[in-house]
A.B. asks: 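Structure provided below as structure tokens; questions to follow.
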Amino acid sequence: MPDITLTTLQSLKLKGEKITMLTCYDATFAQACCQAGVEVLLVGDSLGMVLQGNDSTLPVTTAEVAYHVASVKRGNDGALIIADLPFMAYATLEQTLSNSAQLMQAGAHMVKLEGAAWLAESIRLLAERGVPVCAHMGLTPQSVNILGGYKVQGRNEAQARQMRADAIALEQAGAAMIVLECVPSELAEEITQAVKIPVIGIGAGSATDGQVLVLHDMLGLALTGRAPKFVKNFMAGQDSIQAALSAYVTEVKAVTFPGIEHGFSA
Ligand SMILES: Nc1nc(=O)c2c([nH]1)NC[C@@H]1CN(c3ccc(C(=O)N[C@@H](CCC(=O)O)C(=O)O)cc3)CN21
Ligand SMILES: CC(C)C(=O)C(=O)O
Ligand SMILES: [Mg+2]
């Protein structure tokens, strides 16, 4: 696979071809994802839940994310690697810069941080210093204690208007990508059309420029009883993990995943 860059993803958005992204935490799965044609590997702080067994992403440290980035990098074959800045790792501008440096030097091509318009200064600072930034909006799991649970965001018009304005503000600040988590499909479509940068959705309907899922979820592995509504088990009907990963790529590219049943309405 030729190296995927932000330019590649930008041209996929322009062409209307969907972008495929999965979380990934180690070299073996990085190799398997690349073989299936997954374009973006996210070393997510969801590792705190699916690898460490915590009940939120809050205990994860930058050093832990960096360890997994280095592992993914060794198995990578051309995918763009994004690393999550964990909880409180971008609370101040100094922390933002030093923790982003740690992740980029471990092998990430881009960092992701959760928030809204307040991130503008951090994003501008990082972009000026050569660090591409993905802004994670909507349901931001690091704020679960403020949000009162993992709930759909942007369901009323005031919230929706704010989210549209925030997305445009972050694009103007220099964000190169947006992840939209658990927002009504109509709102996700509006935001996708309002910005020129790629918008990747999870629980955000099929109109975004691409999709992301947690690897363990799409392989049908669930620690807790009920998986979120937006998860599809791609192991169903497949006889190998490699086939499940390929099915995910095929369905995202064909826009047969996500279906209406995987999305939320206002
Ligand atoms: N394994 C895993 N998968 C994920 O998608 C994920 C993580 N971990 N850890 C970090 C966050 C937490 N996430 C979650 C967890 C639960 C729901 C959930 O149950 N949502 C309800 C929506 C309820 C509503 O209508 O407001 C759902 O029915 O899906 C959503 C996102 C997404 N992220
Ligand atoms: C669910 C995705 C977007 C994420 O941030 C993670 O896996 O940590
Ligand atoms: Mg995350």
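Whatever order the structure lists them in is the order used to number ligands and atoms, beginning at 1.
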A.B. asks: Which of the numbered atoms in ligand 1 are under 4.0 angstrom from any heavy atom belonging to Arg155?
C.D. replies: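 Under 4.0 Å from Arg155, ligand 1 has these atoms: 25 (O).
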A.B. asks: Is there side-chain contact between Ile200 and Leu180, with heavy atoms separated by less than 4.5 Å?
C.D. replies: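 No, side chains not in contact.
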A.B. asks: Kindly determine whether Glu171 and Lys196 satisfy salt bridge (Lys or Arg N to Asp or Glu O under 4.0 Å), including the steps that lead there.
C.D. replies: CA-CA 8 Å; Glu171 177 183 42; Lys196 293 191 180 67; 5.6 Å; no
A.B. asks: Under 4.0 Å from any heavy atom of Glu181, which atoms of ligand 1 are there?
C.D. replies: 11 (C), 13 (N), 31 (C), 32 (C), 33 (N)
A.B. asks: Can you list the atoms of ligand 1 that are under 4.0 Å from a heavy atom of Leu139?
C.D. replies: 30 (C), 31 (C)
A.B. asks: If you measure every N or O of Pro228 against every N or O of ligand 1, does any of those distances drop under 3.5 Å?
C.D. replies: no
A.B. asks: What's the spacing between Ser122 OG and Arg124 CZ if we round to 0.5 Å?
C.D. replies: 10.0 Å
A.B. asks: Where the side chain of Lys73 meets the backbone of Ala106, is there a donor-acceptor pair that is under 3.5 Å apart?
C.D. replies: no
A.B. asks: Let me confirm one number: the NZ-SG distance from Lys151 to Cys182, rounded to the nearest 0.5 Å.
C.D. replies: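 If we round to the nearest 0.5 Å, Lys151:NZ and Cys182:SG are 12.5 Å apart.
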A.B. asks: Within 45° of the six-membered ring axis of Phe230 and under 6.0 Å from that ring's centre, is NZ or CZ of Lys232 located there?
C.D. replies: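 No cation-pi geometry.
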A.B. asks: Considering both backbone and side-chain atoms of Asp217, is one of its nitrogen or oxygen atoms within less than 3.5 Å of a nitrogen or oxygen in ligand 1?
C.D. replies: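 Asp217 vs ligand 1: N/O contact under 3.5 Å present.
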A.B. asks: For ligand 2, what N or O to protein N or O distances fall under 3.5 Å?
C.D. replies:
from	atom 1	to	atom 2	distance (Å)
ligand 2	5 (O)	Asp84	OD2	3.4
ligand 2	5 (O)	Lys112	NZ	2.8
ligand 2	7 (O)	Ser46	OG	2.6
ligand 2	8 (O)	Asp45	N	3.1
ligand 2	8 (O)	Asp45	OD1	2.8
ligand 2	8 (O)	Ser46	N	3.0
ligand 2	8 (O)	Ser46	OG	3.4
ligand 2	8 (O)	Asp84	OD2	2.9

A.B. asks: Out of all atoms in ligand 1, which are within 4.0 Å of some heavy atom of Val50? Include the element for each.
C.D. replies: 1 (N)
A.B. asks: Just which atoms of ligand 1 are under 4.0 Å from any heavy atom in Lys151?
C.D. replies: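 Listed by number with element: 26 (O).
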A.B. asks: Evaluate the criterion salt bridge (Lys or Arg N to Asp or Glu O under 4.0 Å) for residue pair Glu181 and Lys112; output intermediate values, then yes/no.
C.D. replies: CA-CA 13 Å; Glu181 177 167 350; Lys112 177 162 82 56; over 6 Å; no
A.B. asks: Does Glu114 put an N, O or S atom under 2.8 Å from the Mg ion (ligand 3)?
C.D. replies: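 No, since none of the N, O or S atoms of Glu114 sits under 2.8 Å from the Mg ion (ligand 3).
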A.B. asks: Can you name the N/O/S atom of Asp45 that is nearest the Mg ion (ligand 3)?
C.D. replies: OD1
A.B. asks: Does the side chain of Leu47 reach to within under 4.5 Å of the side chain of Val60, using non-hydrogen atoms?
C.D. replies: yes
A.B. asks: As an exercise, identify every atom of ligand 1 less than 4.0 angstrom from a heavy atom of Thr57.
C.D. replies: 10 (C)
A.B. asks: Are Thr208 and Gln211 linked by a side-chain donor-acceptor pair shorter than 3.5 Å?
C.D. replies: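 Yes.
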A.B. asks: Under 30°, 30 to 60°, or over 60°: which ring-plane class applies to Tyr90 and Trp118, parallel, tilted or perpendicular?
C.D. replies: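 Ring orientation, 0 to 90° scale: parallel.
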A.B. asks: I'd like the atom name of the N/O/S atom in Asp84 lying closest to the Mg ion (ligand 3).
C.D. replies: OD2
